[in-house]
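A short write-up of the structure that comes next.
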Amino acid sequence: RFGAGKNKKFRVRPAWVTNDVSKDVEAMDLDNERNRYLSPDELKRLRVEIELSTSKDLADVCDFLLAAGCRFSEMQGLTWDCFDKEQNVILFNKVLARSAYTGKEIVNGKTKLIHEKNKLRGGLKNGSKGRVLDVENIPKIRQMLLERNLRSSSNLIFPKNPRTAFRTAVNRATEKAKAEGSVSFSESFHWHDFRHTCLSYLAQNGVDEWTMKAHGGHESLQSLERYSHLSPKQTRKSSAVLNEVLYGNG
């Protein structure tokens with residue numbers, strides 16, 4: 001017999017058990033084109049609230065995500081052996097999985113899957129084994145890492161997730177923006193959008209696609225298409241051609 005609710009049982013095998021109807025359902029395409037990033041004004045407002053936060057980790061986490069352009073899980077997966085103080089580089093080679101399958105065991109004759117929380121897993125989200133980021137030209141980030149290393153008691157560079165403090169800072173920035181009749185961004189800005197902000201700023205300042213790919217650790221140049229419209233470099237050549245056609249040498 002097969003259950004259908006707490007106190008009900010089927011006398012016969014339901015059709016959906018014999019015939020897996022899920023096979024006839026087409027999966028919906030995920031919205032991977034999300035590209036929410038902070039404008040300079042929004043970033044300025046948010047930084048004010050971050051500095052006012054009582055969290056000791058919020059400013060460090062936000063600054064690092066913005067400068068490194070990494071995924072949040074990649075930042076959480078950083079251990080101190082990933083930071084080379086002499087070479088001024090950071091090696092991203094693992095992520096911190098909230099829940100990871102680690103095996104199975106037999107309990108009372110039944111198979112039970114084992115999942116461990118907050119487990120380090122080798123490799124990055126895009127399937128690559130790792131990537132390196134040079135921080136020599138970002139002295140604020142390098143100094144922040146050195147200071148965290150001196151007072152750290154954890155193997156992780158960023159052992160805490162200041163999620164509540166971050167949401168509080170965003171909400172406060174939003175409330176003040178609304179009061180001034182400016183842009184609100186509370187419900188639409190998340191940790192991952194720091195990555196989009198970083199790459200958007202690179203595109204807006206003419207950084208080429210190969211450099212952006214290396215900085216953000218993207219699997220291919222196609223992954224960067226969402227930022228192409230932000231790059232003035234994309235239209236610099238075409239503008240020169242039009243100028244010649246319309247105005248000549250003048």
Side-chain angles (χ1 to χ4, degrees), residues 28-78 90 92 95-99 117-118 125 133 135 138-145 147-148 156-207 212 215-218 223-232:
M28 295 178 63
D29 292 332
L30 296 177
D31 181 13
N32 291 322
E33 297 304 316
R34 174 184 171 86
N35 186 21
R36 175 70 170 95
Y37 67 93
L38 289 176
S39 68
D41 178 67
E42 288 177 316
L43 179 58
K44 182 178 179 180
R45 290 174 180 275
L46 182 57
R47 274 179 164 164
V48 170
E49 301 307 320
I50 289 174
E51 291 300 322
L52 294 175
S53 174
T54 57
S55 170
K56 297 181 180 180
D57 296 283
L58 183 59
D60 289 354
V61 167
C62 292
D63 282 342
F64 186 84
L65 289 173
L66 187 60
C70 63
R71 300 172 180 86
F72 191 79
S73 59
E74 294 174 355
M75 180 199 71
Q76 287 193 303
L78 289 173
I90 297 173
F92 294 92
V95 297
L96 184 68
R98 293 183 179 179
S99 179
K117 294 183 178 180
N118 299 323
K125 184 179 178 182
L133 179 68
V135 294
I138 319 176
K140 181 176 180 179
I141 296 301
R142 181 180 182 277
Q143 185 61 34
M144 178 265 286
L145 292 174
E147 292 177 359
R148 289 185 71 88
L156 297 173
I157 296 180
F158 299 98
K160 296 182 179 179
N161 181 351
R163 178 173 47 209
T164 301
F166 171 66
R167 184 49 49 191
T168 298
V170 172
N171 288 340
R172 288 180 177 175
T174 301
E175 291 173 1
K176 292 181 180 180
K178 285 182 177 180
E180 298 173 11
S182 186
V183 181
S184 131
F185 50 86
S186 174
E187 295 77 17
S188 62
F189 194 77
H190 311 291
W191 285 127
H192 191 72
D193 296 328
F194 276 117
R195 175 171 167 83
H196 292 308
T197 300
C198 170
L199 294 166
S200 296
Y201 287 177
L202 291 179
Q204 290 168 0
N205 286 276
V207 174
M212 289 176 60
H215 193 99
H218 285 79
S223 304
L224 295 171
E225 288 182 353
R226 69 184 70 181
Y227 306 105
S228 61
H229 70 286
L230 299 173
S231 175

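Source: prediction; values computed, not measured.
- A salt bridge links R45 and E180; the closest N-O separation between the charged side-chain nitrogens and carboxylate oxygens is under 4.0 Å.
- In this structure, M75 CE and F92 CZ are separated by 9.5 Å, a value rounded to the nearest 0.5 Å.
- Using a 4.5 Å cut-off on side-chain heavy atoms (C-beta onward), F189 and T197 make contact.
- Applying the side-chain contact (heavy atoms from CB on, under 4.5 Å) criterion to S39, with sequence neighbours excluded, gives D41, E42.
- R167 has its side chain within reach of H190: a pair of non-hydrogen atoms, C-beta onward, lies under 4.5 Å apart.
- By the 4.5 Å heavy-atom criterion applied to side chains, F72 and R195 are not counted as neighbours.
- Counting all heavy atoms, side chain and backbone alike, L58 lies closest to A169 at CD2-CB, 4.2 Å.
- With sequence neighbours left out, the side-chain contact (heavy atoms from CB on, under 4.5 Å) criterion links E175 to no other residue.
- Put simply, CG on L224 and CG on L230 are 11.5 Å apart, with the number rounded to the nearest 0.5 Å.
- Checked against V61 for a side-chain contact (heavy atoms from CB on, under 4.5 Å), the options F166, W191, F194 give a single hit: W191.
- No side-chain heavy atom of L38 sits less than 4.5 Å from a side-chain heavy atom of L66.
- The heavy-atom pair separating V207 from M212 by the smallest distance is O-SD, 3.6 Å.
- The only option from R148, K160, E147 that meets the side-chain contact (heavy atoms from CB on, under 4.5 Å) definition with D60 turns out to be R148.
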| task | Decide side-chain contact (heavy atoms from CB on, under 4.5 Å) for T168 and N171; before the verdict, give the C-alpha distance in whole Å, the side-chain angles of both, and the deciding distance to 0.1 Å. | result | CA-CA 5 Å; T168 298; N171 288 340; 5.7 Å; no
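- I90 places a side-chain heavy atom less than 4.5 Å from the side chain of L145.
- Counting heavy atoms from C-beta on, the side chains of D63 and I141 come closer than 4.5 Å.
- Atom SG of C62 is separated from atom CG of D57 by 10.5 Å, given to the nearest 0.5 angstrom.
- Taking each heavy atom of Q76 and L156 in turn, the nearest pair found is O-CD2, 3.7 Å.
- Between A67 and H215, the shortest heavy-atom contact is O-NE2, 2.9 Å.
- Summarising the geometry, atom CZ belonging to F64 is positioned 8.5 Å from atom CD1 belonging to I138; distances are rounded to the nearest 0.5 Å.
- The side chain to side chain donor-acceptor pair (under 3.5 Å) pairs that include a residue from residues 47-56 are E49-K176, where partners are two or more places apart or lie in different chains.
- Nearest approach of Y201 to P40, heavy atoms of both residues: OH-N, 3.6 Å.
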